[in-house]
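This report concerns only the one structure given below.
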Amino acid sequence: MARVIVDVMLKPEILDPQGQAIARALPRLGFAGVSAVRQGKRFEVDLEGPADDAALAEVRKMAETLLANPVIEDFTLRVAE
Amino acid sequence: MARVIVDVMLKPEILDPQGQAIARALPRLGFAGVSAVRQGKRFEVDLEGPADDAALAEVRKMAETLLANPVIEDFTLRVAE
Amino acid sequence: MTLDTVGRAHETPDERQPYTELGMKDDEYARVREILGRRPTSSELAIYSVMWSEHCSYKSSKVHLRQFSTKAPKSDALLVGMGENAGVVDIGDGWAATFKIESHNHPSYVEPHQGAATGVGGIVRDIMSMGARPIAVMDSLRFGAADAPDTRRVLPGVVEGISSYGNCLGLPNIGGEVAFDPCYIGNPLVNALCVGLLRKDKIKLATAPGPGNKVVLFGALTGPDGIGGASVLASATFEEESQAKRPSVQVGDPFMEKLLIECCLELFEADVVVGIQDLGAAGVSCATTELAAKGTGGMDVRLDLVPLRDPTLRPEEILMSESQERMMAVVTPDDIDAFTAICNKWDIPVTVIGEVTDTGRLVMTWHGETIVDIPPGTAADEGPVYERPLHEPAGQSALNAADPAMLPRPSDLRAALLSVLGSPNIASKEWVTSQYDRYVRGNTVLAQPADAGVLRIGEIMPGATTTNRGIALATDGNGRYAKLDPYAGAQLALAEAYRNVAMTGAVPLAVTNCLNFGSPEDPEVMWQFAEATRGLADACRALGVPVTGGNVSFYNQTGSAAVHPTPVVGVLGVLDDVGTRVRSGFTEEGARVVLLGE
Amino acid sequence: MSGARVGVVTFPGTLDDQDAARAVRLAGAEAVPLWHADHDLKGVDAVFLPGGFSYGDYLRCGAISRFAPLMEELIPAARAGLPVLGTCNGFQILCEAHLLPGALTRNAGLHYVCRDQKLRFENVDTPWTSDYAPGQEVVIPVKHGEGRFVANETTITGLEANGQVVLRYVGNPNGSLNDIAGIRNEAGNVIGLMPHPEHAVEELTGAPGTDGLGFFTSIMKALVNA
Ligand SMILES: Nc1ncnc2c1ncn2[C@@H]1O[C@H](COP(=O)(O)OP(=O)(O)O)[C@@H](O)[C@H]1O
């Protein structure tokens, strides 16, 4: 019963209008000192069994083929404590 | 030039249609062993200065008022290494 | 945690129950005890408290809404009138249209996106439950001043919610309104209309006849949505700290609803549905009591069979859950397999949770123990009815005495004109309408910027007898007029929608309405309500169009300040040949311009 | 009858399948419904992937649909030359399935936008566009929240150099790179576009005019002359 976290972010060269919109709104809302914001996705994948190597390999495949689109996105994967 | 990560997830009792749709699709795509998926958002907030207490308090306020919708979402915040 | 069974209710007649917390008055609670001849179980209390709420029972409005029937003009077009999920109108060539407008004001203030989205979802399921294919939506919106800070939060969220939900369902948005007035700050009005199409001999009703027939719950799983109030019941006694923090916000899943639409249409087509009801505000409580009351009269339900998203839910919470995208159907045992197969095709969870009986009782069990045993009609139809006191608002005549003719004449007409044209109420609504799909399914003949939406109906349901006919729809309302004179204001709303429909070349046939008012416990609000309903009923009679259904939304106020009385009226009309529709706007050079009327 | 059979695919959440079938019929071809869960292309001569919100557009538009059993048949068939047109969600699915390069992302304006869009044809050398002329301007509705075409620089340069840009926005509604509204694969048989030609095929309904009909008459001719 382990949980694996998959973080998916747009590749740095891809425009992120959502992050930009937030960054632009910040000064108006009285927040200073932020140079950039990027917005991505976070998946919590709950496994039926333990997060062993085989399970992690499965989740990695899932991330590569489904959760992230490699054309525009990068992902990272880690087991939640 | 520190980076703060804000993870925003739907509160556990709130329906997550996206996560459910992904979880339902997995077996059809040949992925077994996943009991649940939840989808949330991940923000990378780049600060102009260091991530000191004052800056973190600012980001926390930002998360509460802008990045997360406290009616349906929870957030966590951490400094990226 | 002790389960409050019927047996236990007999044994502990004096146990204190949290009926006040659930919004029930002393005499209402006393009536429940009288009906049952004992104290209600906590599950029964859950059922009565939601079913007898203002929202479900129309207890303050009923006496006034009756005029829509008693004063109704004769109409050959009316197939199903008030009292069902939505009215049904004969539009010719064997086709019928069903339409209704409903409010989702309070949820849209709390969480604008989800509140508005689930408002669309709810009205669409109402239309589906008549056996129809939903074919278009409209939305009538009112916000505080356009530059008020809270409008900046509420308006984009509401529009996005309607857009994301409606667009995802593939329902063209064919019109609506956006208006701004400071009176709506803290209390926006979000009224959504849906229209559906069906064959006139295929109308479905919310009824559960035929002992032995199965009661089926299908659609989304039941979760702790919108049951903030139920937590007082879930704790064994209400003094106990309620253990769970329950959300009062419902989140919509438009994709599930889209599948539910297609699934229902196949179920209707396969003729495997005896009766059907959507699960709206009062969820399982409402669907079971109403279906049972209108059918053979009895129903046995195993509440523990309801499939859950959160396994910790207690029976009281299941009964009150407002989880979206669920429907309940009555199906003969012979058809159950076919019914299930169609649900499986669309990936829709489906569960038999009970059976129709002829006992006259709605009986629910929880793992074998009886927790509900009531005559369903007492919850569904025999709720309290109030003749609330009325009083003309202080200052009403002063308000009317103020004659605009006494205002100073503007010295700079150009500036005056510009400020009128620039005001948010007059300015283009394209920011809103461009977020709505008006083209989907290819039957939209007129939508934005026309004053009424027009749909071609001949191609909506492939395979069925075709027709050249079309339908036209408009919604209108004006809270400022209604504030000055609720009687005339309601009539003006009808007249405007009626004109907008007629201007497309359609013959107006029927009316739906959403009555947005303040607290019915305030005699001045109640006076406005009485005047508005009287005005609308009289105008419907004068114009020869019956009210087929609608919705009342009370308690639209922040503190003691009520919103303007805001009756919103929707009119449906039919064009014998949709090809003859008339567009607005000057389309030809050299054509003459004629002004009609005074 | 011609015998030209165009398959129209329905995924869970597809919305414009009925419009697409109508447009195919108006052009004189036969519309053959294809179901996402079947491993069966029913021997059609071409395939139309219509718009909508397949799987609710959850995760990413088209991300779940591209794994459908039908796609397992369609992907090799398209690689082997079967004419395929995807509009809106169909375009997104084609990109997710890597039948077309690039990806469609959130509109730069962050809102869903529905409007009558002016477009210009660039390259019409495909079985779906032969009835149009290069440089021709048309008005066809767009309606999407995630239609901003992006790809890396090499891909964009390649698309431009090979004449794979079929359609460009005149007045970019979503921030697409190079105003790209529609592209084709190298072979020219697979096309994806964000606008909805199936909503512009009749005078009575939808957008002003019938500028979209050409896609359907083009494929009709291509199939009949084949
Ligand atoms: N909330 C809305 N939803 C859908 N359509 C709307 C909405 N608000 C306005 N519209 C449409 O936009 C057009 C212009 O609206 P409006 O400016 O109110 O026109 P008018 O003042 O002529 O009634 C109309 O076609 C109307 O139906």
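Every chain is numbered from 1, with letters handed out A, B, ... down the list of sequences.
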**Fill in**
Whatever's closer than 4.5 Å to a heavy atom in chain D on S434(C) counts as both
**Message:** Do R438(C) and C114(D) make a side-chain contact, defined as non-hydrogen atoms from C-beta onward lying under 4.5 Å apart?
**Reply:** yes
**Asked** When rounded to the nearest 0.5 angstrom, what is the spacing between NZ in K258(C) and OH in Y55(D)?
**Response** 14.0 Å
**Item:** Close side-chain approach of V159(C) to H111(D), heavy-atom, < 4.5 Å
**Value:** no
**Heavy-atom side-chain proximity of R22(D) to N443(C) below 4.5 angstrom** = yes
**Message:** A side-chain contact here means heavy atoms from C-beta on lying under 4.5 Å apart; do Y439(C) and D16(D) qualify?
**Reply:** no
**Asked** Under 4.5 Å between any side-chain heavy atoms of P254(C) and F53(D), yes or no?
**Response** no
**Heavy-atom pair with the smallest gap, counting every atom of Q435(C) and Y112(D)** = O-CD2, 3.2 Å
**Request:** Can you label the angle between the F255(C) ring and the Y58(D) ring as parallel, tilted or perpendicular, going by 30° and 60°?
**Result:** perpendicular
**Message:** Quick check: do R456(C) and L204(D) have side-chain heavy atoms less than 4.5 Å from each other?
**Reply:** yes
**Asked** Contact part of D17(D) toward chain C, heavy-atom cut-off under 4.5 Å: side chain, backbone, both or neither?
**Response** side chain
**Item:** Closest contact, heavy atoms only, C168(C) versus G56(D)
**Value:** SG-CA, 4.1 Å
**Request:** Could you tell me which of K345(C), E160(C), E262(C) has the largest number of non-hydrogen atom pairs under 4.5 Å with chain D?
**Result:** K345(C)
**Region of R115(D) in contact with chain C, defined by heavy-atom distances below 4.5 Å** = backbone
**Message:** If you count heavy atoms of other groups shown closer than 6.0 angstrom to NZ of K118(D), is the number above 12?
**Reply:** no
**Asked** Say you draw a straight line from CG of N167(C) to NE2 of H144(D); how long is it, rounded to the nearest 0.5 Å?
**Response** 12.0 Å
**Complete:** Assert top hit (heavy-atom pairs under 4.5 Å, partner chain C, pool V201(D), D57(D), V113(D), D19(D)) equals D19(D)
**Asked** Is R441(C) salt-bridged to E198(D), cutoff N-O under 4.0 Å?
**Response** no
**Prompt:** Is chain D contacted by the side chain of L455(C), its backbone, both, or neither, given a heavy-atom distance below 4.5 Å?
**Reply:** neither
**Asked** Within the distance-only criterion (no hydrogens, no angle test), does the side chain of Q18(D) pair as donor or acceptor with the backbone N or O of E459(C) below 3.5 angstrom?
**Response** yes
**Request:** Using non-hydrogen atoms and a 4.5 Å limit, figure out which bit of I460(C) sits close to chain D: side chain, backbone, both or neither.
**Result:** backbone
**Message:** More than 12 heavy atoms of other residues, nucleotides or ligands under 6.0 Å from CD of E72(D): yes or no?
**Reply:** yes
**Request:** Report, as yes or no, whether the 6.0 Å neighbourhood of atom CZ on R583(C) holds more than 12 heavy atoms from other residues, nucleotides or ligands.
**Result:** no
**Asked** Of the listed residues (V578(C), D253(C), L171(C)), which shares the most heavy-atom pairs with chain D below a 4.5 Å separation?
**Response** D253(C)
**Asked** Around atom CD of E430(C), are there more than 12 heavy atoms of other residues, nucleotides or ligands at under 6.0 Å?
**Response** no
